[in-house]
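On a predicted model such as this, the values are computed, not experimentally measured, just so you know. Just so you know, residue 1 is the first one in the sequence shown, and it goes up from there. Only heavy atoms go into these numbers, but all of them, side chains included; no hydrogens, no water, no symmetry mates.
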Amino acid sequence: MKKNILLFALLFAIVACKNADKKHDGHTNNEPKTLADSLMKDIDDGHMVGMSKIGKLHTTRKEVQRVIDSLSNLPSKSQQSTALYLDQLKAVIKDLDYADFAMDKWMTEFEMDSTVNNMELRISYLADEKLKVNNVKVAMLGSMQKADSLLKAKF
């Protein structure tokens, strides 16, 4: 899985470097020229937003788990008063785990050069992948926001 992440990052870095080398009137021209280029840029942007937050997602998950463990060690009477909060924390752990899983799954299944020789199929594929990566990004950001809210809440 780590090899896939590194390969994916390397491929995007290579594409970015090649695009940076293309100059127009002394300025870098990063504007997409085709619909496929635009979709690929949107996919890359969604992926980069998600991956830039993966460390925070893991840290947040650990913090939520720490709070769950602490609450589970309270005396039973105190546990009763925190039961709803504990359930919310357990639910957000599932959301965080799903978001992490979804990013890994998407990266593993994404094929950058899929249908490169058939522009109609390529555009359809990239449009689907754009939706997928945006859903992953939303799942990541949303689950972290819920977790942060719960961690700041007073029970």
Side-chain angles (χ1 to χ4, degrees), residues 1-20 28 30-32 35-115 121-155:
M1 189 173 332
K2 287 184 181 181
K3 287 182 183 180
N4 287 338
I5 293 170
L6 291 174
L7 178 61
F8 196 75
L10 178 63
L11 289 173
F12 272 120
I14 290 170
V15 170
C17 288
K18 286 184 180 180
N19 286 340
T28 302
N30 288 331
E31 293 298 316
L35 178 56
D37 291 343
S38 179
L39 290 167
M40 195 63 206
K41 181 182 180 318
D42 291 343
I43 290 168
D44 183 40
D45 290 348
H47 171 253
M48 290 302 170
V49 167
M51 286 308 295
S52 71
K53 301 293 184 187
I54 200 76
K56 182 175 181 345
L57 184 137
H58 293 156
T59 301
T60 301
R61 190 202 184 285
K62 286 178 186 174
E63 181 64 16
V64 171
Q65 187 61 55
R66 186 191 63 72
V67 173
I68 289 171
D69 293 344
S70 294
L71 293 174
S72 298
N73 290 327
L74 291 174
S76 63
K77 190 167 187 163
S78 296
Q79 283 186 20
Q80 291 173 1
S81 67
T82 62
L84 178 61
Y85 183 61
L86 187 59
D87 289 344
Q88 292 171 331
L89 290 170
K90 288 178 181 179
V92 86
I93 283 275
K94 288 180 183 178
D95 292 346
L96 291 164
D97 287 345
Y98 171 77
D100 191 24
F101 164 80
M103 179 55 90
D104 286 343
K105 183 176 182 349
W106 178 80
M107 286 190 310
T108 300
E109 294 176 355
F110 179 69
E111 295 182 30
M112 189 180 309
D113 295 327
S114 178
T115 63
L121 285 176
R122 180 161 179 76
I123 288 170
S124 176
Y125 174 77
L126 292 175
D128 287 344
E129 293 303 304
K130 177 183 171 184
L131 287 174
K132 288 178 189 176
V133 77
N134 283 335
N135 288 338
V136 169
K137 179 180 75 172
V138 166
M140 291 180 72
L141 297 175
S143 63
M144 288 188 298
Q145 182 180 23
K146 274 194 244 178
D148 287 343
S149 293
L150 284 171
L151 290 171
K152 291 176 185 171
K154 306 246 191 251
F155 55 92

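Side-chain contact between Ile93 and Lys90 is absent, with no heavy atoms from C-beta onward closer than 4.5 Å.
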TODO: Give the intermediate values and the outcome of side chain to side chain contact (heavy atoms under 4.5 Å, CB included) for residues Leu141 and Lys53.
DONE: CA-CA 8 Å; Leu141 297 175; Lys53 301 293 184 187; 3.8 Å; yes

TODO: Please lay out, stage by stage, how Gln79 and Leu71 fare under the test side chain to side chain contact (heavy atoms under 4.5 Å, CB included).
DONE: CA-CA 7 Å; Gln79 283 186 20; Leu71 293 174; 6.0 Å; no

- [ ] Evaluate side chain to side chain contact (heavy atoms under 4.5 Å, CB included) for Met40 paired with Asp44, printing each intermediate quantity in order.
- [x] CA-CA 6 Å; Met40 195 63 206; Asp44 183 40; 5.6 Å; no

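Considering all non-hydrogen atoms of both residues, Arg122 and Ala36 come closest at NE-CB, 4.4 Å. Taking both residues in full, the closest heavy atoms of Lys130 and Leu39 are given as CD-CD2, 3.9 Å, listed atom of the first, atom of the second, then distance. Contact detail for Ser143 and Leu96: the closest heavy-atom pair is OG-CD2, 3.3 Å. When all heavy atoms are compared, the tightest approach of Tyr125 to Glu109 is OH-O, 3.9 Å. Closest of all the heavy-atom pairs between Ile43 and Leu126 is CD1-O, 3.4 Å. Here the closest heavy-atom approach between residue Ala147 and residue Val92 is recorded as N-CG2, 3.5 Å.
To the nearest 0.5 Å, the span separating CG on Asn134 from CD on Glu129 amounts to 11.0 Å. Separation of atoms NZ (Lys137) and OG (Ser52) is listed at 10.0 Å; rounding is to 0.5 Å. Atom CG of Leu150 and atom OG1 of Thr60 lie 11.5 Å apart (nearest 0.5 Å). How far CG of Leu89 is from CZ of Arg66: 10.5 Å, rounded to the nearest 0.5 Å. Atom CE of Met103 sits about 11.0 Å away from atom OG1 of Thr108, to the nearest 0.5 Å. Ile68 CD1 to Asn73 CG: the interatomic distance, rounded to the nearest 0.5 Å, is 12.0 Å.
Using bins of under 30°, 30° to 60° and over 60° for the plane-to-plane angle, the ring pair Phe110/Trp106 lands in the parallel bin.
A salt bridge is defined here as a Lys NZ or Arg NE, NH1 or NH2 lying under 4.0 Å from an Asp or Glu carboxylate O, and Asp45 with Lys41 meets this definition.
Annotation for Gln65: atom CD counts as buried by contact number, over 12 foreign heavy atoms lying within 6.0 Å.
The residue from Asp100, Asp97, Asp95 that alone fulfils the side-chain hydrogen bond (donor to acceptor under 3.5 Å, both in side chains) condition with Arg61 is Asp97.
Evaluation of the salt bridge (charged side-chain N to carboxylate O under 4.0 Å, His left out) rule for Lys56 yields Asp148 as partners, not counting sequence neighbours.
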